[in-house]
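Working notes, beginning with the structure itself.
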Amino acid sequence: MSDQKTDAKTYKKSLNLPKTAFPMKANLVQNEPASQKRWDKMGLYQKLREKDHPAGRYAFHDGPPYANASLHLGHLLNKALKDFVVRTKTMAGYDVPYVPGWDCHGLPIEHKVMQELGDKAKQMEPIQVRRKCKTYAEKSVKLQSGQMQRLLTLADYKDPYLTMNPRYEGAVLDVFADLVDRDVVYRGLKPVHWSIENQTALAEAELEYYDREDTSVFVKFDRVDGQGSLMIWTTTPWTLPANLAVAVHERYEYGEYEVDGKTVVVAVELAKKVLGEEAEPKKIVKGVELVGLEYKHPFIDRVGKVVSADYVTLEDGTGLVHTAPGHGVEDYQTGLREGLDVYCPVKDDGTFDDTAPEWLRGVSVWKGNDLVVDRLRASGHLFHAEQFSHSYPHDWRGKSPVIFRATEQWFVDVNKSFDVAGTSGTMRERALDVTAEGVGFIPQWGKNRMRGMLDSRPDWCLSRQRAWGLPIPAFYPPKGIEGEPLLTPASVRAVAQLFREKGSDAWFFTAPDELLVHYDAVGDPDAPDWAKQGSPAEFVAGADIFDVWFESGSSWNAVMRQRGLAKPDDAPSVTDLYLEGSDQHRGWFQLSLLPCLGSLGKPPFANVLTHGFMVDKDGRKMSKSDGNALSVDELFKDYGADVCRWWVSGLNTDNDIKVDSEYFRLAGEEYRKVRNTLRFLLSNLDGFDFKQDKTRFEDADASSIDAWMTRAVTKLSDTVTAAYEGFHFRKAHEAMFNFCNDTLSAVYLTAVKDRLYCDNPDSARRRRTQTTIYRVSTVLIRLLAPLMPHTADEAWRALTGDKEACVHLLPFQDVGCMKQIPMNDGWGAVMTARDGWLKSIEEARQVKGIDNPLDCGVSVPQVKDADVSAFDMTDLADLCGVSRFALDASLDAPDIDDLRDEPRCERSWKRDGTVKTRSDGGMLSDRDAQALGLT
RNA sequence: GGGCUCAUAGCUCAGUUGGCAGAGCGCACCCCUGAUAAGGGUGAGGUCGCAGGUUCAAGUCCUGCUGGGCCCA
C-alpha cells in the first residue's frame with residue numbers, strides 16, 4: 001500500500017496540474033479600489049472617448065440625484081444599471097460619453113442648513129444662506145461621487161454637472177427664455193400648497209400625505225330669503241373667512257329638514273347621517289334648483305351664493321360644499337367660472353391679514369380654527385363639531401401640515417398652443433403625442449402611466465419663495481409705477497449670459513442695471529413701456545426662484561446640448577436614453593419632457609427605462625426609521641462592488657425589488673462560482689501560448705467535444721449581447737451564470753480534465769482543448785466585463801499575462817470565426833442522452849455498490865436521434881466521468897459495467913482496458929505511458 | 001378614493017399567440033480528494049394570492065376580492 005502511494009506521488013508530479021496567478025479569494029475590498037486607481041491613472045474614460053466607435057454615438061443622460069447625504073440602495077441600483085448601459089453600449093462599439101450630475105439647489109438642503117443655523121438664520125442675508133447651502137451641496141457631491149466611483153462606475157467624474165454651476169444655470173435660463181418666447185409663461189394668482197414652516201409654495205412632489213386630526217364642523221349659513229339655512233361641512237374651519245360660495249351638485253336631491261324649529265337644507269342621502277335617523281324631509285328639490293340662492297356669511301358682512309360643481313360628492317359632509325377660491329384648487333376653478341374673487345386673507349406666515357375680521361388678525365390659521373369654531377358656536381351657526389382624522393398634505397421635509405393659499409406665482413401654461421419647429425400645439429398635446437408614439441417605454445406600461453399623468457396635470461407652478469435656487473430673472477417696476485414685470489426672451493437671455501459669467505449668486509448682491517448689462521430694453525420689442533422709459537438701476541429684481549424640477553428638467557440642454565453630447569439637431573430626440581426609478585414618470589421624465597417640447601418641439605429622450613423600488617424582504621416599503629435600510633458603504637465593505645453589481649444584474653427590475661443582506665450573501669456565492677470557473681479556465685492555460693500553440697480553425701474536429709464547446713460559447717455570446725442590447729441584464733446574468741455553472745463547470749471542464757492533466761502537454765488533443773478554453777475565456781471575460789468590471793479586468797490580465805492590459809478598452813469578442821468551426825449535429829442529442837446515462841450510472845452505483853464512477857464503463861445500443869459513428873468514445877466516457885464508453889447494438893438498454901476487476905492506471909485512475917505494467921514498473925494505460933515516454 | 005403595476009417551489013425568478021407547471025439557489029443523500037475555504041452525481045419540493053366566469057382546455061383571457069409597490073387626490 002505504501003509503495004502504491006509513493007508511486008502515485010511520483011506520477012502526480014508528471015501531471016499538468018492547473019496553475020494560475022488568479023487567486024480563488026477575490027479580496028474585493030482591497031483590490032477593487034486598486035483597479036479604480038489603475039483605470040484613473042491610465043485615463044480609461046478619456047481613452048474610450050478617443051478610440052474608434054464603429055457604432056457611432058450613444059447619447060445616454062444621467063439624471064441627477066439630490067446632493068444630500070449618503071447614497072442609499074436605490075442609488076446603488078440606479079447607478080449600477082446605468083453603468084451596465086454605459087459599459088455594454090461601449091463594448092458594443094458605441095461612444096458613450098457619460099457625465100454624472102447632481103441636483104444641488106432646493107429646499108431639502110436649504111432646510112437642513114436653516115436647521116443647523118437655528119436662530120442665526122433670521123439675521124442672515126439670502127446670499128449668506130446660499131453660501132452655506134453651496135458648501136453643503138459640495139460636501140454631499142464629494143461623498144456621493146466617491147461612493148459611485150467605489151461602485152466602479154465609469155463616468156466623467158472629473159467634470160460632472162452640478163445644477164448650481166454657472167454654465168448650467170445659464171443654460172437653464174436659455175430654456176426658460178424659449179418658453180417665454182412661446183408665450184406660455186404667465187404670472188397668476190392661484191391657490192397653491194403653501195408651507196408655512198418654509199414660507200414657500202410647494203410642488204406636488206414636495207408633499208407627503210399623513211393622517212391628521214382636525215376639527216370638522218357642520219355650519220348653518222342663513223339664507224337671504226329667510227327660508228332657514230344651508231348646512232355645509234368643512235374640515236378646515238379657518239378657511240371660512242374666505243368663503244365666497246356654496247357648491248351643490250345639480251343632479252343630487254336636497255331636502256329641507258326641521259332642526260330645532262328651523263329649516264336647514266342637506267342632501268337627502270346624507271341627512272340621516274348628519275341629522276339623525278328620524279330626519280324626514282319636509283320638501284325635496286334638485287340641486288339645480290338651489291343654484292343662485294344667496295346666503296349671509298355667518299360672521300362677515302357679506303352675501304354668498306350657491307353654485308354648481310361636479311366634484312360635490314355624497315360620501316362625506318352635507319352635499320353642500322363650502323367654497324373658498326383662495327384656498328382650494330377646485331374652489332378656485334369654480335370661482336373662475338362664477339367670476340368670484342380669489343380672496344385669501346392669509347399671509348405668508350400663516351396668519352390672517354387685515355382684511356380678516358378683527359378677532360382673527362395676526363392669528364395663525366391653526367389657532368384660527370378654534371376661534372372660528374368658538375365664534376360659530378356663540379352665534380348659533382354651529383350645528384355640530386367633531387374631531388376628524390383625514391389624510392392631509394404635509395411639507396415633505398419639515399413634515400409640517402401645509403395649507404392651500406392663493407399667491408402670485410409664475411406658471412407654465414400647459415394648455416396654451418404655441419408654434420415651434422414648424423409644429424403647433426399645447427404642451428400637454430405635444431407631450432401626449434410623443435408619449436403615444438416616438439418615445440419607447442421600458443417596461444411598456446410606462447407609456448400608460450405617463451399618459452395618465454399628462455392627462456391630469458395642472459399648469460406647472462415654476463416659482464418658489466426661497467433663497468437656495470436659480471432666480472427667476474423677472475424685474476418689477478420701480479415703486480410708484482404700475483406695469484407688467486419685465487420678463488422677455490431677450491431679458492432672460494441677457495441674465496443667462498450674466499449668470500454664465502458670474503453665477504446666479506450675482507442676483508443677490510448686484511445692482512439691477514448691472515444684472516441687465518447685456519440687455520437693452522429700448523431695442524426689445526417685447527419690453528414693457530416702463531422698462532423702455534425708466535433707468536435699469538431703479539428696477540426691482542424679483543425674489544422668486546425656480547422650482548428645482550425646472551433646473552433638472554433642463555439638463556438635456558444644460559448638459560447634453562451644451563457639451564455637444566446630444567444627438568444631431570435633426571434627430572427626433574435630444575438623447576437616446578433616460579434611466580431612472582418609476583417615480584420619475586411624474587418627476588424628471590415629465591418635467592424634462594415639457595421644457596424640451598417647449599424649447600425644441602421634440603422630446604429629450606428616445607427611450608425611457610424605469611426600474612422599481614426597493615422593498616424589504618416581506619415586500620414592505622423600506623424606511624430608514626424602521627432600520628431595515630442597508631448602508632451602501634457597509635455593503636461595499638462586506639461584499640465588494642462586483643458582488644453588489646452582480647446582485648443588481650440578476651434582479652428583475654421592472655417592479656418592486658426585495659432586498660435583504662441575505663441576498664447579497666447569495667450573490668456573493670454566485671460570484672464565487674463564476675470566479676472559480678474563470679480561475680479553472682485560466683489555470684489550465686498555464687504554459688499555453690495562444691499564438692504558437694493554438695489549433696487552427698481549419699484543423700478543428702467537428703465531432704470533438706471542443707467543437708461542441710466552441711459552438712456553445714458563440715451561442716452564449718449571441719444570447720448575452722442580445723440581452724444587453726435590450727437592457728435585459730437579468731437574462732445576460734442568468735445565461736452567463738448557467739454557462740459557468742453548468743456548461744463549463746459541470747459538463748465541459750469536468751470532461752476535459754483528464755486530457756488536460758494526463759495527456760502529453762503538447763498532444764494535439766490537449767492543445768485543441770486549451771485553444772477552446774482560451775477562446776471561451778476571451779468571450780466570457782469580455783461578456784462579464786460590464787457587470788463585474790474589476791473581476792473581469794483581473795481575469796483579463798491573467799489571461800493575457802499583460803499587466804497593462806485592460807478589458808474595458810475592448811469590444812465584445814467577435815465570434816463570427818468561431819461560428820465557422822463545424823460541429824457534428826449529433827451533439828445536441830448526445831447532451832440530452834447524457835442525462836439518462838448519468839441516471840443509469842447513479843442507479844448502477846447504488847445497486848452494485850460502486851463508489852467511483854471511474855470504476856464504471858457505459859455501453860449503449862445507440863444514441864437516440866444522433867449518428868455518433870464519428871465521435872471519439874473517450875469524449876463520451878469523459879462526459880459521463882467513466883473509464884470507458886462503447887456502442888453495442890446488441891443491447892436493449894444502456895448497460896453499466898463494473899470495471900473494478902480490471903487494472904487501474906496509477907496515473908489517470910482510469911480503467912480503460914489498456915492498463916498494464918510498464919517499463920518503469922508502474923501500471924499505466926497506453927495514453928499515460930505514452931505521455932511519460934514509457935513502453 | 002383614482003391612475004399604473006405586482007402576486008408561480010423555502011428563496012430569486014422563467015413561463016411567446018390558452019395545450020401535460022420549469023431553471024438556478026437552498027435543502028437531503030451520495031461521490032471525489034489532481035479546481036480543495038473547490039469539484040461532480042442523484043433526489044425531494046408547487047390547489048400558480050383568493051372567488052367566480054369564458055373555453056373541449058386557464059398560471060396564461062374576463063370580472064370581483066385580498067395583500068404589496070410607485071404616483072396622485
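Lettering of chains follows the sequences in order, A, B, ..., and the numbering in each one begins at 1. Since this is a predicted model, take the numbers as computed values, not measurements.
Looking at the side chain of A/N652, the nearest of the listed nucleotides B/rA14, B/rC70, B/rG41 is B/rA14. Nearest to the side chain of A/R586, among B/rU36, B/rC4, B/rC71, sits B/rC71. Here B/rU33 is the nucleotide among B/rU33, B/rG69, B/rC71 with the atom lying nearest to any side-chain atom of A/W909. Set against B/rC25, B/rU12, B/rA23, the side chain of A/L666 has B/rC25 as its closest nucleotide. Of the candidate nucleotides B/rC70, B/rG40, B/rG34, B/rG34 has the atom lying nearest to any side-chain atom of A/Y757. Of the candidate nucleotides B/rA38, B/rC30, B/rC4, B/rC30 has the atom nearest to the side chain of A/Q846.
A salt bridge links A/K910 with A/D878: at least one charged nitrogen is closer than 4.0 Å to a carboxylate oxygen. Salt-bridge check for A/K673 with A/E670: failed, with every basic side-chain N at 4.0 Å or more from each acidic carboxylate O.
Residue contacts for A/D583: at a heavy-atom cut-off of 4.0 Å it reaches the sugar-phosphate backbone alone, with no base atom in range. Within 4.0 Å of A/P443, counting heavy atoms only, lies no atom of the nucleic acid at all. Residue contacts for A/N676: at a heavy-atom cut-off of 4.0 Å it reaches a base atom on one of the strands shown. Among the protein residues, A/S582 comes within range of the sugar-phosphate backbone only, with heavy atoms under 4.0 Å from sugar or phosphate atoms but none that close to a base. Within 4.0 Å (heavy atoms only), A/M24 reaches sugar-phosphate atoms of the nucleic acid but no base atom. Across all strands shown, A/L838 has heavy atoms under 4.0 Å from sugar-phosphate atoms exclusively, and none from any base. Nucleic acid contact for A/R665: none, since no nucleic acid atom lies under 4.0 Å from a heavy atom of the residue. Among the atoms of the strands shown, none is found under 4.0 Å from any heavy atom of A/E734. When heavy atoms are screened at a 4.0 angstrom cut-off, A/R672 is found touching the sugar-phosphate backbone but no base atom. Nucleic acid contact for A/G881: none, since no nucleic acid atom lies under 4.0 Å from a heavy atom of the residue.
Nucleotides B/rC11 and B/rG26, compared at atom P, are 16 Å apart to the nearest Å. Annotation: B/rU8 and B/rU47 have their P atoms spaced 13 Å apart (nearest Å). For the C1' atom pair drawn from B/rG15 and B/rA9, the interatomic distance equals 14 Å after rounding to whole Å. Atom name P, nucleotides B/rC6 and B/rG49: the rounded distance is 13 Å, in whole Å. Spacing between B/rC62 and B/rG68 at atom P, rounded to whole Å, works out to 24 Å. The P atoms of B/rU60 and B/rG52 are separated by 14 Å, rounded to the nearest whole Å. Separating the P atom of B/rC27 from that of B/rA38 is a span of 13 Å, rounded to the nearest Å. Of the C1' atoms belonging to B/rC50 and B/rG59, the separation is 14 Å, rounded to the nearest Å.
Two residues, A/G446 and A/C740, neighbour RNA chain B, and the one matched to the more 5' nucleotide by heavy-atom proximity is A/G446. Sequence order on RNA chain B of the closest nucleotides to A/R449 and A/D851 puts A/D851 first from the 5' end.
Across the strands present, B/rG43 finds its partner in B/rC27; the criterion is a Watson-Crick or G-U wobble pair with both atom distances under 3.5 angstrom. Under the Watson-Crick or G-U wobble criterion, with both distances below 3.5 Å, B/rC50 is paired with B/rG64. In this structure, B/rG59 makes no Watson-Crick or G-U wobble pair, since no nucleotide meets both defining distances under 3.5 angstrom. Nucleotide B/rC20: unpaired (no Watson-Crick or G-U wobble partner with both distances less than 3.5 Å). Both distances falling under 3.5 Å, in either a Watson-Crick or a G-U wobble arrangement, occur for no nucleotide opposite B/rA14.
Neither OP1 nor OP2 of B/rA35 sits under 4.0 Å from any side-chain N or O of A/R679. OP1 and OP2 of B/rC11 both lie 4.0 Å or more from every side-chain N or O belonging to A/Y663. Contact between the side-chain N/O atoms of A/K673 and the OP1/OP2 oxygens of B/rG40 is found at a separation under 4.0 Å. Taking only side-chain nitrogens and oxygens, A/K621 comes nearer than 4.0 Å to OP1 or OP2 of B/rC70. Proximity of A/N684 to the phosphate of B/rA35: no side-chain N or O atom is located under 4.0 Å from OP1 or OP2. Considering only side-chain N and O atoms, A/K839 lies nowhere under 4.0 angstrom from the phosphate OP1 or OP2 of B/rG41. In terms of phosphate contacts, A/N741 brings a side-chain nitrogen or oxygen within less than 4.0 Å of OP1 or OP2 of B/rC25.
No side-chain donor from either of A/D214 and A/T235 sits under 3.5 Å from a side-chain acceptor of the other. Counting only N and O atoms by type, the side chains of A/H611 and A/N78 include a donor and acceptor under 3.5 Å apart. At a cut-off of 3.5 Å, with distance as the only test, no side-chain donor of A/N684 or A/Y757 sits close to an acceptor on the other residue.
The backbone N or O of A/R907 lies less than 3.5 Å from no partner atom in the side chain of A/K12, so there is not a single donor-acceptor pair.
The distance from atom CD of A/E843 to atom P of B/rC30 is 18 Å, rounded to the nearest whole Å. One can place CE of A/M453 at 11 Å from C1' of B/rU5, the figure rounded to the nearest angstrom. Regarding A/F680, its CZ atom lies at a distance of 5 Å from the C1' atom of B/rA35, rounded to whole Å. The NZ-P distance, from A/K617 to B/rG67, rounds to 22 Å in whole Å.
You'll find the side chain of A/V776 reaches within 4.5 Å of the side chain of A/F739, heavy atoms only.
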Test log, rule salt bridge (Lys or Arg N to Asp or Glu O under 4.0 Å), inputs A/D875 and A/R755: CA-CA 10 Å; A/D875 277 359; A/R755 68 194 56 174; 2.6 Å; yes

side-chain contact (heavy atoms from CB on, under 4.5 Å) evaluation trace for A/L879 with A/M831: CA-CA 9 Å; A/L879 266 177; A/M831 286 302 173; 3.8 Å; yes

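For B/rC30, the base has no donor-acceptor partner in the side chain of A/R845 [N/O atoms by modelled type, under 3.5 angstrom]. One donor-acceptor pair, N or O on each side, does fall under 3.5 Å between the base of B/rA35 and the side chain of A/S745.
Regarding the sugar-base torsion, B/rG68 falls in the anti class, its angle being beyond 90° of 0.
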